[in-house]
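Have a look at the structure below, then the notes.
Here, residue 1 is the first one in the sequence, and each next residue gets the next number. Side chains included, hydrogens not; waters and symmetry mates left out as well; all remaining heavy atoms used.
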Amino acid sequence: MADMKAFRDEIGRWAAGGPNGPGGPNGPGDSGGTARGLAAALGLRTAVLLEGPSDVAAVEALAARHGRDLAAEGVCVVSMGGAMNVARYAGLLGPPGLGLRLTGLCDEGERGFYARGLERAGAPSGGFFVCAADLEDELVRALGPERAEEVVRAEGDLRAWQTFLNQPAQHGRSRQRQLRRFLGTKKGRKIRYGRLLVEALDTERVPSPLADLLRSL
């Protein structure tokens, strides 16, 4: 039975452009063909392109809070492994490739890059929602620094947080900037807090880009 993880794994291999990737001498090769087969078996209609796994964790956590099973609805949430890969993923998953509808999130500073990348891929750019700095910044601002710090304490990271605050580089920074930076200081922390911060939000305070993205699916 097809599953979403298998599809994501195939897309990752296809995007990497290995010997069986889309640039091979025999067209899409094994990875492209397998991805097409899995997309059909899963009934996929939409791909949500996100910069990294922490964004995936946040989107999936918000969907779960609303009682939605995105995979069952034909929606695949994809981590591209960095904004620089948007043109490649859009070409593979969008109209030029598997023909899926594309949507996702991008940071304000990368808005132009996304627009150019999607244009190069022959994919529309209208379905992407813009975060002011990044999604973590949006979540911390929506929660408020005090509530975000409560999440850090509840997760058992208080000592690490206090050590981080004592670093000279953090002196004079706003609490929101400190929290945003703290989330990226340890491998896996952003992914964990992508889910935790969403789960801590009041439903009426979900950041607009994230709320708008879920409504569009």
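- Leu50 pairs in a side chain to side chain contact (heavy atoms under 4.5 Å, CB included) with only one of the listed residues (Val78, Thr103, Leu105), which is Leu105.
- For the residue pair Tyr193 and Leu183, the shortest heavy atom distance occurs at CG-CD2, 3.6 Å.
- Put simply, the side chain of Glu138 gets close to the backbone of Ala132: a donor and an acceptor are under 3.5 Å apart.
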Stepwise side-chain hydrogen bond (donor to acceptor under 3.5 Å, both in side chains) check, Arg189 with Thr185: CA-CA 7 Å; Arg189 183 176 283 157; Thr185 56; 2.6 Å; yes
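- The backbone N or O of Met80 sits nowhere less than 3.5 Å from a side-chain atom of Arg88 that would complete a donor-acceptor pair.
- Put simply, the side chain of Asp202 never gets that close to the backbone of Glu204: no donor and acceptor are under 3.5 Å apart.
- Note: the hydrophobic cluster containing Phe128 does not contain Leu135 (ILVMFWY, side chain heavy atoms under 4.5 Å, direct or indirect links).
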Does Asp3 form a side chain to side chain contact (heavy atoms under 4.5 Å, CB included) with Leu38? I'd like the steps, not just the answer. CA-CA 8 Å; Asp3 62 65; Leu38 287 168; over 6 Å; no
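- Nearest heavy-atom pair, Leu214 versus Arg68, reported as atom, atom and distance to 0.1 Å: O-NH1, 3.0 Å.
- Contact of the Leu44 side chain with the Arg101 side chain is not registered, since no non-hydrogen atoms from C-beta on lie closer than 4.5 Å.
- A donor-acceptor pair shorter than 3.5 Å cannot be found between the side chains of Glu51 and Ser79.
- Both Phe7 and Leu49 are part of a single hydrophobic cluster, where members link through side-chain heavy atoms under 4.5 Å apart.
- Relative to the six-membered ring of Phe164, Arg181 misses at least one condition, a distance below 6.0 Å or an angle of at most 45° to the axis.
- Rounding to the nearest 0.5 angstrom, the gap separating the CZ atom in Arg215 from the CG atom in Asp212 is 4.5 Å.
- Side chains of Arg8 and Ile11 form no contact here, defined as non-hydrogen atoms less than 4.5 Å apart.
- Between Glu136 and Asp55, the closest side-chain pair of non-hydrogen atoms falls below 4.5 Å.
- To the nearest 0.5 Å, atom CD of residue Glu149 and atom CG of residue Leu179 are 5.5 Å apart.
- Clustering ILVMFWY residues whenever any of their side-chain heavy atoms sit less than 4.5 angstrom apart, transitively, puts Phe113 in the very cluster that holds Leu92.
- Between Arg141 and Asp137, at least one side-chain nitrogen of the basic residue sits less than 4.0 Å from a carboxylate oxygen of the acidic one, meeting the salt-bridge criterion.
- The two residues Ala169 and Arg173 come nearest to each other via the heavy atoms O-NE, 3.6 Å.
- No side-chain heavy atom of Phe182 sits under 4.5 Å from any side-chain heavy atom of Gln170.
- Cys131 SG to Glu110 CD: the interatomic distance, rounded to the nearest 0.5 Å, is 10.0 Å.
- Residues Ala200 and Val151 approach most closely at CB-CG2, 3.7 Å, considering heavy atoms.
- Neither side chain, Tyr114 nor Asp107, offers a donor N or O lying under 3.5 Å from an acceptor on the other.
- Within the 4.5 Å cutoff, the side chain of Leu201 has heavy atoms near those of the Pro207 side chain.
- Side chain of Arg180 to backbone of Asp134: no donor-acceptor contact under 3.5 angstrom is found.
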Could you walk me through whether Leu100 and Arg45 pass the side chain to side chain contact (heavy atoms under 4.5 Å, CB included) test, one step at a time? CA-CA 5 Å; Leu100 304 179; Arg45 56 179 178 82; 5.5 Å; no
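- Between Leu213 and Val48, the closest side-chain pair of non-hydrogen atoms falls below 4.5 Å.
- There is a path of hydrophobic side-chain contacts, each under 4.5 Å, that joins Leu143 to Leu158.
- The shortest distance between side-chain heavy atoms of Met4 and Asp9 does not fall below 4.5 Å.
- Contact check on Arg153 versus Asp157 returns no salt bridge, with no Lys/Arg side-chain nitrogen under 4.0 Å from an Asp/Glu carboxylate oxygen.
- Residues passing the side chain to side chain donor-acceptor pair (under 3.5 Å) test with Asn85, sequence neighbours excluded: none.
- Between the side chain of Arg195 and the main chain of Ala57, no donor-acceptor pair closer than 3.5 Å is present.
- Side-chain contact between Trp14 and Leu93 is absent, with no heavy-atom pair separated by less than 4.5 Å.
- The shortest non-hydrogen separation linking Pro209 to Phe129 is O-CB, 3.8 Å.
- Remark: Glu155 engages Arg192 in a salt bridge, criterion side-chain N to carboxylate O under 4.0 Å.
- Taking each heavy atom of Leu139 and Gly194 in turn, the nearest pair found is CD1-O, 4.2 Å.
- With no hydrogens or angles considered, a side-chain donor-acceptor pair links Gln178 and Arg175 at under 3.5 Å.
- Taking a cutoff of 4.0 Å between a charged side-chain nitrogen and a carboxylate oxygen, Arg116 and Glu119 do not qualify as a salt bridge.
- A donor-acceptor contact shorter than 3.5 Å links the side chain of Asp69 to the backbone of Ala72.
- Residues Val77 and Leu42 fall into different hydrophobic clusters, defined by Ile, Leu, Val, Met, Phe, Trp and Tyr side chains chained together at heavy-atom separations under 4.5 Å.
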